[in-house]
Every structure is written in structure tokens, then in C-alpha cells.
Amino acid sequence: MSCCRELTHTILLHPSYFGAQLEDYLRQKLYEDVEGTCSGKHGYIISVITITDIGEGKIIPSTGQAKFKTTYTAIVMKPFKGEVVDGKVVNVNKMGFFAMVGPLQVFVSCHLTQAEMKFDPNSSPPCYRSNDEIIQKDTKVRMQIVGCRVEANDIFAIGTIKKDFMGQIKED
């Protein structure tokens, strides 16, 4: 699920950046440090929307660097069990397939596909087939997340397409 969240981040800045453009460097450094990262607590930080506050810098005596505490609003994505998501298949093998939902990789096991869907190793590229569906690389699929594992800097998810209205998204 994507939502806006107020977050904080501490930026260390080298003394060579002190000067008239200090605030611009801090903004640029914040974008570089946090966009595209993942924290287990908040999820994937997709984009920084606004920078609410850049605190006063505190000089670190041993290095001369300054430490700035910044507060910002960001779009974050943290998946949860039971959520229905759309993704794009990136890899298919006999064990199942992997799909990307933005920055999140979701694995769908062959046991969590419809009963009539079978792996076809002889096709090029490899795919899962049923009477009316083909799931192969670059296919868009709708799946439900059945489990998530959250680590310090990454999130892993398992999905299913066994339920109604799940599976290949047909484009008109």
C-alpha cells in the first residue's frame, strides 16, 4: 500500500559544501540518500514530496562535518498480507514466477496458481499455461499477497493467483 508519511533523516555534510549553496546541497543529498531505499519499519521510500524542516547543523569536532536533522514527507510503499496488487512478470521457472510490483519482488509458487495452469518448459520463453491464460516474462498479472517477510533493508513477498479475478491481466 502506498501512502504519504512524515519521516526524518540525518544528513552528514562535508565542510567543503558549507557556503551560499548549503541548503541546495542538503536537499540534493536528502534525495540521493533516501529515494529508492527500503526500511523495514516504513517500507520502500518511493519519492520525497516536500522537505518540511532542515534543522540547524551541529559540527562534529573530530571530522569537521556537520550533522543536519531533516524532516520530510515521502510517498512510501509497504505491502501487507491480503493486499491485491498488479505486477509485471520478470522471471518464470518450474517452481513458479517472480513479478515486480514497483520496487517489490513477489514470488508466486506453482502451488499458488490455478489447478489447470501447468508449466511449459518447451516454450520459448518458458511459461505457465491454461486454456485461456499464458503467464510468461513481461506479462501483467494481478495477485494477492499471502505473506511478507520484512528485514532491516528489504521486504520479500509471496503471492497467489488461485482466487477469482487473479492472474493474467488481458490488455484490450
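All residue numbers in this chain count up from 1 along the given sequence. Values reported hereafter were calculated over all heavy atoms of this structure, with side chains retained and with hydrogens, waters and symmetry mates removed.
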Can you give the donor-acceptor pairs under 3.5 Å from side chains of residues 120-127 to other protein atoms, not counting sequence neighbours?
{"from": "D120", "atom 1": "OD1", "to": "N122", "atom 2": "N", "distance (Å)": "3.2"}
{"from": "D120", "atom 1": "OD2", "to": "R129", "atom 2": "NE", "distance (Å)": "2.9"}
{"from": "S123", "atom 1": "OG", "to": "D120", "atom 2": "O", "distance (Å)": "3.2"}
{"from": "S123", "atom 1": "OG", "to": "P125", "atom 2": "O", "distance (Å)": "2.9"}

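Between the side chain of T160 and the backbone N or O of L112, at least one donor-acceptor pair lies under 3.5 Å. The backbone N or O of H9 lies less than 3.5 Å from a partner atom in the side chain of T70, making a donor-acceptor pair. A donor-acceptor pair under 3.5 Å is formed between the side chain of E35 and the backbone N or O of V48. At least one donor-acceptor pair closer than 3.5 Å links the side chain of E133 to the backbone N or O of Q168. Under a 3.5 Å cut-off, the side chain of K78 and the backbone N or O of K41 do form a donor-acceptor pair.
Closest approach of S2 and I75 over heavy atoms only: CB-CG2, 4.5 Å. Minimum heavy-atom separation, Q114 to I161: NE2-O, 2.8 Å. Pairing each heavy atom of Q144 with each of G82, the nearest pair is NE2-O, 3.1 Å. Closest non-hydrogen pair, L104 versus I155, comes out as CD1-O, 3.6 Å. Of all the heavy atoms in P103 and M77, the pair that sits closest is CD-SD, 3.8 Å. Taking every heavy atom of both residues into account, I54 and E23 meet most closely at CD1-CG, 4.0 Å.
The ring-ring contact (aromatic ring centres under 6.0 Å, His included) analysis of residues 29-78, with sequence neighbours excluded, yields no pairs. Screening residues 80-113 for ring-ring contact (aromatic ring centres under 6.0 Å, His included), with sequence neighbours left out, gives F98-F107.
For the pair K58 and E56, the salt-bridge criterion is not met [side-chain N within less than 4.0 Å of a carboxylate O].
Between I49 and C4, the closest side-chain pair of non-hydrogen atoms falls below 4.5 Å. Side-chain contact between V34 and L7 is absent, with no heavy-atom pair separated by less than 4.5 Å. Side-chain atoms of V84 and R142, non-hydrogen and from C-beta on, do get closer than 4.5 Å to each other. Using a 4.5 Å heavy-atom threshold, the side chains of F18 and I59 count as touching. Between L26 and L13, some side-chain heavy-atom pair lies under the 4.5 Å cut-off. Here the side chains of T8 and K69 are in contact, with some heavy-atom distance below 4.5 Å.
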Run Q136 and V89 through side chain to side chain contact (heavy atoms under 4.5 Å, CB included) and show every step you take. CA-CA 7 Å; Q136 61 188 11; V89 176; over 6 Å; no

Stepwise, does the side chain to side chain contact (heavy atoms under 4.5 Å, CB included) test hold for I145 with V85? CA-CA 8 Å; I145 295 175; V85 294; 4.2 Å; yes

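For M95, the CE atom counts as loosely surrounded, since its 6.0 Å shell holds 12 or fewer non-hydrogen atoms of other residues, nucleotides or ligands.
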